[in-house]
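A short worksheet on the structure shown next.
Numbering of residues begins at 1 and proceeds along the displayed sequence.
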Amino acid sequence: MRTVFLNYLIVGVCMIPVIVAALLTLPRLSVRFRARFPYLVFLVLAVRLLLPWNVTLPGDLSWGVTLEATAVMLPTAPFFSTRTGG
């Protein structure tokens, strides 16, 4: 039961940028397309939210790129001296 909830949560959170993009662009596109186009877009989004399937692309998409964490040494002494004298 917990995994079902987490799947719905992950799909919902991942769909937020898509929904916001649709809400921002569809009014501008309604000039060029018929009224059925936004209806179909939101129908696909609703089905995607109701059925939490994971979209995965076939094959390895890393193209042989690996990222490794590197350590950075920070200086412990301040860079500028606050001493006045001379």
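Shown here are the side chain to side chain contact (heavy atoms under 4.5 Å, CB included) partners of Arg36, two or more places apart in sequence or in another chain: Arg34, Leu40. Not counting sequence neighbours, the partners of Phe37 by the ring pair (Phe, Tyr, Trp, His ring centres under 6.0 Å) test are Phe33.
Under the 4.5 Å side-chain contact rule for hydrophobic residues, Leu26 and Leu45 share a cluster.
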Between side-chain atoms of residues 10-25 and protein atoms elsewhere (two or more places apart, or another chain), which donor-acceptor pairs fall under 3.5 Å?
residue	atom	partner	partner atom	Å
Thr25	OG1	Ala21	O	2.8

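With Tyr8 contributing its side chain and Leu51 its backbone, the two residues share no donor-acceptor pair below 3.5 Å.
By the neighbour-count criterion of 12 heavy atoms within 6.0 Å, atom OH of Tyr39 is sparsely surrounded, having that number or fewer from other residues, nucleotides or ligands.
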